[in-house]
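Note sheet for the following structure.
FYI, the numbering just counts along the sequence from 1.
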Amino acid sequence: MEVVQFLMAQKQWSQAKVALEGWLKKRPAELDGRLLLARILALTGRASEAATLMEESRAICDTDARYAAWLNAAFDLATETEKESEFIKIEQLRLMPKTGESWDAIRLGRLLAIADIAGNAQLDAEAEEIVVSALRDATLGPEMRMELELRQLDLIQRQKGREKELETQLKSCLLYTSPSPR
């Protein structure tokens, strides 16, 4: 890997690609190497191959850390092609429960990771749409609903001119979390 990184620093893309492909043959489930190879492919004008590799790499994201690494790399590639919003929407749709599926902590965590990436890229409308669309789901549990509502409050707070809406949402959250009178 050090050799590949050195070759990349020297912008010797074809040599880095060959070295990395050889290294990955022995480690097909190595996520970091796959992400690096996708980056090299994108830098050398092979965007469709990079996209295919990213799609295949998503399948081996079996932990939150691996998914976060994949998400950051995939978003960087989407940014280079100016398709950030499209990428966010596609990934959001992948994570939304299909008929018969339900929300779980992993799905919600990944959805919030997408909202975070969108928010950090100042794609506030996209970040808020992720949260709002999840909140529309009637199968969402109360703890997950509260987590999403708090995230929505944060997103609204970051935007100027939405103070009245923030106040309304905050009151709604407070009513939702207040213990019911006996």
Side-chain angles (χ1 to χ4, degrees), residues 1-96 104-134 147-148 150-160:
M1 268 307 245
E2 289 93 18
V3 170
V4 171
Q5 290 171 338
F6 172 77
L7 291 169
M8 287 182 71
Q10 301 299 311
K11 298 184 180 180
Q12 296 180 12
W13 307 119
S14 59
Q15 295 92 330
K17 179 183 169 294
V18 169
L20 190 52
E21 286 173 334
W23 188 78
L24 282 171
K25 281 184 182 175
K26 299 173 191 164
R27 301 163 186 84
E30 171 59 41
L31 182 65
D32 292 335
R34 295 169 69 89
L35 299 178
L36 201 53
L37 181 57
R39 176 97 178 113
I40 291 170
L41 291 169
L43 287 170
T44 57
R46 298 163 77 179
S48 65
E49 289 178 60
T52 300
L53 184 57
M54 289 303 289
E55 188 64 31
E56 292 169 359
S57 298
R58 187 185 186 281
I60 62 173
C61 295
D62 55 354
T63 66
D64 289 341
R66 287 170 70 94
Y67 180 76
W70 175 86
L71 184 61
N72 284 315
F75 187 77
D76 287 346
L77 290 176
T79 299
E80 288 177 12
T81 57
E82 298 180 2
K83 294 184 179 182
E84 304 96 313
S85 295
E86 183 181 327
F87 168 76
I88 288 169
K89 188 66 176 170
I90 290 168
E91 192 60 18
Q92 172 192 355
L93 291 174
R94 280 185 184 156
L95 291 170
M96 296 298 286
D104 59 27
I106 293 171
R107 186 184 303 254
L108 181 64
R110 290 181 176 191
L111 192 75
L112 291 175
I114 297 167
D116 287 343
I117 243 178
N120 291 341
Q122 282 138 14
L123 299 170
D124 293 328
E126 288 86 345
E128 190 170 357
E129 172 55 30
I130 290 168
V131 172
V132 169
S133 67
E147 190 167 347
L148 285 165
L150 291 172
R151 185 63 58 94
Q152 183 182 19
L153 280 172
D154 181 54
L155 289 165
I156 293 170
Q157 178 186 359
R158 293 176 12 175
Q159 300 172 41
K160 293 185 191 280

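- Annotation: side chain of M1 is in contact with side chain of L36 (closest heavy-atom distance under 4.5 Å).
- Considering I40, L77, L41, L24 as possible partners of L53, the one that fulfils the side chain to side chain contact (heavy atoms under 4.5 Å, CB included) test is L41.
- We find the OH-CD distance between Y67 and E91 to be 3.5 Å, quoted to the nearest 0.5 Å.
- In terms of heavy-atom proximity, R110 sits nearest to T63 at NH2-O, 3.6 Å.
- Closest approach of A50 and A42 over heavy atoms only: CB-N, 3.9 Å.
- When every heavy atom of M96 is checked against every heavy atom of S133, the shortest pair comes out as CE-O, 3.6 Å.
- Remark: R58 does not engage E55 in a salt bridge, criterion side-chain N to carboxylate O under 4.0 Å.
- Here CD1 of I90 is found 11.0 Å from CD1 of I114. Values are rounded to the nearest 0.5 Å.
- To the nearest 0.5 angstrom, E30 atom CD is 9.0 Å from L20 atom CG.
- Within the 4.5 Å cutoff, the side chain of L7 has no heavy atoms near those of the V4 side chain.
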Taking it one step at a time, do L43 and W13 satisfy side chain to side chain contact (heavy atoms under 4.5 Å, CB included)?
CA-CA 8 Å; L43 287 170; W13 307 119; 3.5 Å; yes
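- Checked for salt-bridge contact, R34 and E56 meet the test: a charged N lies under 4.0 Å from a carboxylate O.
- Taking 4.5 Å as the limit, some side-chain heavy atom of R151 sits within range of a side-chain heavy atom of D116.
- Counting only heavy atoms from C-beta outward, the side chains of E129 and K89 approach each other to under 4.5 Å.
- For the pair R66 (side chain) and I60 (backbone), a donor-acceptor distance under 3.5 Å is present.
- Between A118 and I88 the shortest heavy-atom distance is CB-CD1, 3.5 Å.
- Judged purely by atom type and a 3.5 angstrom limit, R158 uses its side chain to pair as donor or acceptor with the backbone of G119.
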Checking E21 against K25 for the salt bridge (Lys or Arg N to Asp or Glu O under 4.0 Å) test, could you report, in this order, the C-alpha distance in whole Å, the side-chain angles of both residues, the deciding distance, and whether it holds?
CA-CA 6 Å; E21 286 173 334; K25 281 184 182 175; over 6 Å; no
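- By the 6.0 Å contact criterion, CD on E82 is open, its count of non-hydrogen atoms from other residues, nucleotides or ligands being 12 or less.
- Closest approach of L111 and L95 over heavy atoms only: N-CD1, 3.8 Å.
- Taking CG of L31 as the reference point, atom SG of C61 lies at 5.0 Å (rounded to 0.5 Å).
- Interatomic distance, L93 CG to I130 CD1, rounded to the nearest 0.5 Å: 9.5 Å.
- Of the inter-residue distances, the one linking L37 atom CG with M54 atom CE reads 11.0 Å to the nearest 0.5 angstrom.
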Start with the C-alpha distance between V132 and L148, add both sets of side-chain angles, then the distance that settles side chain to side chain contact (heavy atoms under 4.5 Å, CB included), and finish with yes or no.
CA-CA 8 Å; V132 169; L148 285 165; over 6 Å; no
